[in-house]
Amino acid sequence: MSPRRLTPRTSLVATLVALLAAGALALPLVAVAAGPDPLPRPAPAAKVRAEDRLFKVGTLNILGSNHTRGGDKKRTFRTARLIRKQKLKVLAMQEVQDDQLRWLRKKLPRYRIWPGKRYGGQGLRLQIAWRKARFDLVDHGSIETTFSGFERPVPWVRLKEERTGRRFFVIDVHNSPRDQEADRDSATRKQLRLYNRLRERGGPVMILGDANERREWFCKVTRRTDARAANGGRTTDKRCTPPRPTYIDWIMGGGRLGWRDYDARRVEVSDHPLHTAVARLRKRR
């Protein structure tokens with residue numbers, strides 16, 4: 001066999017291999033780059049537990065200080081303590097006076113209270129409160145209704161739940177008492193039109209407050225909207241059956257919204273019961 005002919009390139013490679021084997025040629029070790037460090041992965045989103053979708057809602061006519069003698073600082077402090085003790089996440093209040101709003105804000109620093117004084121003296125009477133750590137305010141507004149001869153703003157808010165991103169509306173109402181039937185009827189019509197307009201925007205709507213009516217209010221709301229009362233009752237095309245016992249204060253709502261654990265309890269701070277229920281915002285289908 002004829003000897004293999006080495007080209008200049010192959011002879012050079014062979015020489016280098018021989019020198020390396022003999023230790024005559026030392027080459028520095030070079031780290032092989034593995035490319036840029038991978039970007040850190042985002043932390044997984046906190047899992048939304050079943051209980052995170054539940055929150056306690058309430059309505060309370062707090063008995064305005066204009067109906068009582070002397071200052072109402074101590075009674076308002078007890079009202080704030082009651083709200084904290086009940087662990088309410090959303091609350092509609094009626095009959096709020098300037099001094100009571102001031103003390104409620106002092107004693108409820110973890111709550112935001114809307115609208116405050118933004119709508120003037122008559123706008124003080126209806127206030128919506130919610131836990132700031134749980135919800136963000138994303139929209140708000142009001143309509144005008146007649147209450148005991150005065151035009152009064154009826155406030156509404158749209159809240160976003162921090163953990164789930166779900167949004168819902170809350171309307172706070174208080175209608176004229178006793179023999180002022182015409183004013184109640186007019187206010188109710190406006191409130192239900194507002195309810196339906198908000199439902200058209202998407203998401204659940206809660207309507208809370210002191211309607212100063214029992215059967216009539218329930219039947220009008222359930223026939224003209226998709227709202228259901230937290231304390232039950234039933235309405236069909238032919239018959240309306242309010243819940244029993246029937247109160248003048250209501251927790252109602254519709255959309256992807258469920259109610260449970262309704263309660264009405266007498267409280268020492270007001271001539272009205274505190275009404276509460278646990279709300280659950282259902283997932284969008």
Side-chain angles (χ1 to χ4, degrees), residues 56-109 111-130 142 145-157 170-180 183-184 187-188 191 206-214 217 230-231 245-252 262-277:
K56 198 172 184 181
V57 175
T59 185
L60 177 63
N61 182 322
I62 70 170
L63 182 59
S65 56
N66 58 319
H67 295 304
T68 61
R69 295 180 180 179
D72 258 337
K73 180 177 179 179
K74 290 183 179 180
R75 183 166 66 88
T76 306
F77 280 8
R78 294 199 303 272
T79 301
R81 186 164 61 245
L82 173 67
I83 293 167
R84 296 193 303 268
K85 183 177 180 181
Q86 287 294 312
K87 299 181 180 179
L88 295 173
K89 301 300 186 292
V90 175
L91 173 68
M93 294 180 283
Q94 304 85 45
E95 289 195 15
V96 182
Q97 300 292 314
D98 184 71
D99 62 321
Q100 292 170 300
L101 176 62
R102 183 170 64 254
W103 295 120
L104 285 169
R105 281 178 162 168
K106 180 178 179 63
K107 289 297 181 179
L108 295 172
Y111 289 79
R112 185 171 183 185
I113 302 176
W114 181 271
K117 298 182 179 181
R118 290 169 180 82
Y119 296 147
Q122 287 298 319
L124 276 171
R125 311 296 179 242
L126 299 174
Q127 300 288 336
I128 304 170
W130 62 90
S142 69
T145 64
T146 302
F147 181 92
S148 294
F150 295 94
E151 290 301 302
R152 170 180 293 182
V154 171
W156 60 266
V157 297
V170 182
I171 306 170
D172 186 7
V173 304
H174 188 193
N175 292 341
S176 299
R178 295 181 292 278
D179 59 350
Q180 300 176 64
D183 285 348
R184 278 198 302 276
T188 299
Q191 291 155 3
M206 301 178 188
I207 185 164
L208 316 172
D210 177 0
N212 267 313
E213 285 183 341
R214 302 175 190 268
W217 167 264
N231 52 333
T246 310
Y247 299 94
I248 63 173
D249 304 285
W250 293 95
I251 294 178
M252 303 185 74
Y262 172 84
D263 183 50
R265 65 180 61 199
R266 294 289 176 182
V267 292
E268 63 174 7
V269 297
S270 176
D271 57 344
H272 284 248
L274 169 65
H275 297 258
T276 63

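These figures come from a predicted structure and were not determined experimentally.
- The residue from Gln191, Glu213, Arg184 that alone fulfils the side-chain hydrogen bond (donor to acceptor under 3.5 Å, both in side chains) condition with Asn175 is Gln191.
- Across Asp99 and Ser65, no two heavy atoms sit closer than the pair OD1-OG, 2.7 Å.
- Lys73 is not listed as a side-chain neighbour of Gln100, based on a closest heavy-atom distance of 4.5 Å or more.
- Classified by interplanar angle (parallel below 30°, tilted 30° to 60°, perpendicular above 60°), the ring pair Tyr262/His275 is tilted.
- When every heavy atom of Ile62 is checked against every heavy atom of Thr79, the shortest pair comes out as CG2-CG2, 4.3 Å.
- Taking the side chain as every heavy atom from C-beta outward, Trp130 and Val157 approach each other to under 4.5 Å.
- Distance check, rounded to the nearest 0.5 Å: CZ of Arg125 to CD of Gln97 gives 4.0 Å.
- No donor-acceptor distance shorter than 3.5 angstrom exists from the side chain of Thr276 to the backbone of Gly58, with no hydrogens or angles considered.
- At distances below 3.5 Å, not a single donor-acceptor pair connects side-chain atoms of Arg152 with backbone N or O atoms of Thr145.
- Each of Val154, Asp249, Asp210 was evaluated against His174; a single residue qualifies, Asp210, per the side-chain contact (heavy atoms from CB on, under 4.5 Å) test.
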Assess whether side-chain contact (heavy atoms from CB on, under 4.5 Å) is satisfied between Trp217 and Met252, documenting all intermediate values.
CA-CA 11 Å; Trp217 167 264; Met252 303 185 74; 3.6 Å; yes

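- Between Arg265 and Gln86, the closest heavy-atom pair is NH1-NE2, 3.3 Å.
- Across all non-hydrogen atoms, the minimal contact from Ala80 to Lys107 is CB-CB, 3.5 Å.
- Here the shortest heavy-atom pairing between His67 and Leu63 reads CB-CD1, 3.8 Å.
- One distance of note links NZ of Lys85 with CG of Leu82; it measures 8.0 Å at 0.5 Å rounding.
- If you check the side chains of Thr146 and Glu151, you find a donor sitting under 3.5 Å from an acceptor.
- Atom CD in Gln127 sits 10.5 Å away from atom CG in Leu91 (nearest 0.5 Å).
- To the nearest 0.5 angstrom, Asn61 atom CG is 11.5 Å from Leu274 atom CG.
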Passes side-chain contact (heavy atoms from CB on, under 4.5 Å), Ile251 versus Leu208? Steps please.
CA-CA 5 Å; Ile251 294 178; Leu208 316 172; 3.8 Å; yes

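- Here the shortest heavy-atom pairing between Pro115 and Gly123 reads CG-O, 3.9 Å.
- If you take CD1 on Ile83 and CG on Leu88, they are separated by 7.0 Å, rounding to the nearest 0.5 Å.
- Atom CG of Leu104 sits about 9.5 Å away from atom CZ of Phe77, to the nearest 0.5 Å.
- With hydrogens and angles disregarded, no donor-acceptor distance shorter than 3.5 Å links the side chain of Lys74 to the backbone of Asp72.
- The shortest distance between side-chain heavy atoms of Ile207 and Trp156 does not fall below 4.5 Å.
- For the pair Ile248 and Asn212, the minimum side-chain heavy-atom distance is below 4.5 Å.
- The closest side-chain heavy-atom distance from Leu108 to Arg84 is below 4.5 Å.
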How far apart are the C-alpha atoms of Gln94 and Asp172, what are their side-chain angles, what is the distance that settles it, and do they pass the side-chain contact (heavy atoms from CB on, under 4.5 Å) test?
CA-CA 8 Å; Gln94 304 85 45; Asp172 186 7; 3.0 Å; yes

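- A donor-acceptor pair under 3.5 Å links the side-chain atoms of Arg214 to the main chain of Thr246, judged by distance alone.
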